[in-house]
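Reading through the structure tokens given below for one structure.
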Amino acid sequence: MDKKTSIITVFTLLVTSLMVYISSNPASVCARMLGFNKINNSPKQLYRVYLGGKSIGLIKSKQELEEFIDNKQTEIKEKYNVNKVYIPKDLDIIQEITYEQKTLSAEEIYQKIQNIKGAESFTIDGYKIVIHGIEKIIQDEEVKQTEDQTIYVLDKDIFTNSVEKTVKLFVEEEDYENFLNNNQKEIKEEGKIIEDLYIKNNITIKQDRIPTGVKIYQTEEELSKYLLFGTIEDQQTYVVKEGDTIEKISYNNKLSTDEFLIANTQYKTASDLLYPGKEVVLGVIQPQFDTVEETHTVSKKTVHKETIYEDDDTKYAGYEQVKEEGEDGISLVTEKIQYTNGSISSVVAIKDEEKVIKPVVNKVVIRGTKKYTTNTTTNWNVEIPVGVGSWGWPTQVPYTISSYFGYRWGKLHEGIDITGSYGSPIKAVNNGIVVQSGYTGINGNYITIAHSNGYYTVYAHMAQRYKKVGDVVYTNDQIGTMGKTGFATGVHLHFGVYKGMPYYGGFPVNPLQLY
């Protein structure tokens, strides 16, 4: 046998022996090949702990860690009056079969959680409530999507009771109870029936483990305050002085009287007396959900007499002589009125159901139409009527004012909103010249008229405009039709009165002061 043959024979014998050994001791060989000591050649069932998706160690018992965390959190139990505290929501304990032998104690894992996340990561049983946002138009501005609001409570009744308290701020309590108990009285002559009452936002309630680091509402008082004001911070207060009225305090602090009454429930109407030294709340309400009340309302309304003019071209514009005084009428009007958070958001009059109780007799006035050549107050070199007679009303009557001049949500509403039927006539309220006629994203179709004595009037959200810049108009001339163009929640006219050019140095005046 040569040297080469001898080497091959020896190699063959070694391979054969190794194969026999491996077949009879597979676990031992695999363990050695993986680098494990022969003594520790058995895999173990352990638990790997992940915090925020990252491994922080192995433990022998999942239950032991959970019990250790629960036993340690006596402060959390006392603060929230609960019996059990749970692991963080982003802590995962996964069973694992492994040859790795090094494990950590429950206390060591606990300390790692404390160091990385803190005690506020531990959880307790509760409810996660989401008030979903909705699209809203605020004071004729752009449409805004409100943000989702997430609220945490331990007791679901705290939320439901707080919601009910908030809703009752915007709906008369007696009406609310009668609607809830299906006990509303039939309307015989005048009255109101709630046809529907609901929260516009979608609200979801889910039982969940709540991290103790988030705001958890434990009382109805605190949560009701948040649902109304959007904060739990103390609201600004004011000490009543001699001569103060609810209307005066509200306006001076950029509130509507409705907002004042909602924040100060001890007062029922804007005419209630205030006593010097009394403290009142001035917080601007920011409801976290929209309460919608839809009503069928029947009421007597004064039908104000209109002024009918008979033109006399021998007299200059501005000359007026009353031919017949006229007399206001009374009608029984049926309306479908929608309120959002206590304020009128839309009105639809049921014309077929209107009943005349006392006919209106219109005022008749002879007016001059002879024109002056120039009106320097408007800088328009045209013949225009400069005289200012009686102020007319811009819409049909009877009417409903859905939003008054004044502050709401901390912003001044520079005019009044008058509801009516789509396409009904809009009229000039006094003699003047059209200085603006166009369309904007906010006002929609609008017209601005300049009058004598520095007055300007604005008519917005019209469906159609019948006058162009430079046109001369007289009181009661139709200038367009009622609509809902621009950012408008429903069919209405926004009517504004200014001293000076609107938005160019002029300041708003309450239109109702003219009547």
Side-chain angles (χ1 to χ4, degrees), residues 136-142 144 146-147 149 162 165-173 221-291 339-345 401-418 442 458 487 489 494-500 502-503 505-514:
K136 295 183 73 172
I137 299 175
I138 303 175
Q139 290 288 22
D140 293 335
E141 291 184 354
E142 61 181 323
K144 294 182 179 179
T146 59
E147 296 181 356
Q149 298 294 323
S162 297
K165 283 183 178 180
T166 305
V167 169
K168 284 183 177 180
L169 292 173
F170 301 116
V171 182
E172 291 290 339
E173 188 167 357
E221 181 182 12
E222 187 180 42
L223 181 52
S224 296
K225 185 177 183 180
Y226 174 76
L227 292 177
L228 181 62
F229 294 106
T231 178
I232 58 173
E233 298 296 325
D234 289 338
Q235 299 299 303
Q236 181 183 351
T237 59
Y238 173 79
V239 177
V240 177
K241 296 180 177 61
E242 190 73 40
D244 278 341
T245 64
I246 289 177
E247 184 177 0
K248 179 181 176 181
I249 292 174
S250 300
Y251 187 84
N252 289 344
N253 291 279
K254 299 184 177 182
L255 298 173
S256 69
T257 54
D258 287 341
E259 289 174 304
F260 180 96
L261 294 172
I262 289 168
N264 298 273
T265 54
Q266 66 271 35
Y267 303 104
K268 300 303 179 186
T269 69
S271 59
D272 285 359
L273 293 177
L274 299 176
Y275 296 97
K278 182 72 175 178
E279 189 175 73
V280 294
V281 177
L282 299 178
V284 177
I285 65 171
Q286 296 180 344
Q288 298 305 294
F289 57 81
D290 278 1
T291 299
Y339 300 85
T340 301
N341 296 334
S343 298
I344 294 176
S345 48
I401 298 176
S402 59
S403 184
Y404 287 85
F405 178 90
Y407 284 96
R408 182 166 295 279
W409 321 129
K411 183 177 179 181
L412 181 63
H413 183 226
E414 298 183 353
I416 59 174
D417 292 342
I418 310 167
I442 294 175
V458 177
F487 289 117
T489 55
H494 173 84
F495 174 54
V497 177
Y498 292 80
K499 263 289 197 176
Y503 319 121
F507 61 89
V509 176
N510 185 349
L512 296 182
Q513 291 180 356
L514 303 179

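A donor-acceptor pair is defined here as one N or O able to donate and one able to accept, closer than 3.5 Å; no such pair exists between the side chain of N264 and the backbone of Q266. Proximity of a side-chain donor or acceptor of D272 to a complementary backbone N or O of K268 within less than 3.5 Å is detected. Judged by distance alone, with hydrogens and angles left aside, the side-chain atoms of E173 form no donor-acceptor pair with the main-chain N or O of V171 at under 3.5 Å. Proximity of a side-chain donor or acceptor of Q235 to a complementary backbone N or O of E233 within less than 3.5 Å is detected.
Between the side chains of Y226 and Q149, a donor-acceptor pair is found at a separation under 3.5 Å. In the model, D244 has a side-chain atom that pairs as donor or acceptor with a side-chain atom of Y238 under 3.5 Å.
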For this session: Under the side-chain contact (heavy atoms from CB on, under 4.5 Å) rule, what do F405 and F495 come out as? Steps first, then yes or no, please.
Result: CA-CA 10 Å; F405 178 90; F495 174 54; over 6 Å; no
For this session: Applying side-chain contact (heavy atoms from CB on, under 4.5 Å), run through T269 and T257 and close with a yes or a no.
Result: CA-CA 9 Å; T269 69; T257 54; over 6 Å; no
For this session: Before giving the answer on side-chain contact (heavy atoms from CB on, under 4.5 Å), spell out for E259 and S256 the whole-Å C-alpha distance, their side-chain angles and the decisive distance to 0.1 Å.
Result: CA-CA 5 Å; E259 289 174 304; S256 69; 3.2 Å; yes
For this session: Show your reasoning for whether side-chain contact (heavy atoms from CB on, under 4.5 Å) applies to D417 and I401.
Result: CA-CA 6 Å; D417 292 342; I401 298 176; 5.8 Å; no
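The aromatic ring centres of Y498 and F507 sit 6.0 Å or more apart.
Applying the 6.0 Å contact sphere to NZ of K278 captures no more than 12 heavy atoms from other residues, nucleotides or ligands. By the neighbour-count criterion of 12 heavy atoms within 6.0 Å, atom NZ of K254 is sparsely surrounded, having that number or fewer from other residues, nucleotides or ligands. Heavy atoms of other residues, nucleotides or ligands lying less than 6.0 angstrom from CD of E222 number more than 12.
Aromatic ring orientation, Y267 versus F260: tilted (interplanar angle from 30° to 60°).
Looking only at side-chain heavy atoms (C-beta outward), P508 and L412 come within less than 4.5 Å of each other. Under the 4.5 Å side-chain criterion, counting only non-hydrogen atoms from C-beta, Y503 is in contact with E414.
A side chain to side chain donor-acceptor pair (under 3.5 Å) with D290 is found for one member of T146, N341, T340 and no other, namely N341. A side-chain contact (heavy atoms from CB on, under 4.5 Å) with L282 is found for exactly one of N253, T237, N252, namely N253. Among the candidates L169, V167, T166, the single residue satisfying the side-chain contact (heavy atoms from CB on, under 4.5 Å) test with L227 is T166.
By the ring-ring contact (aromatic ring centres under 6.0 Å, His included) test, Y339 pairs with no residue at all, sequence neighbours left out. Taking E221 as the reference, nothing meets the salt bridge (Lys or Arg N to Asp or Glu O under 4.0 Å) condition, with sequence neighbours excluded.
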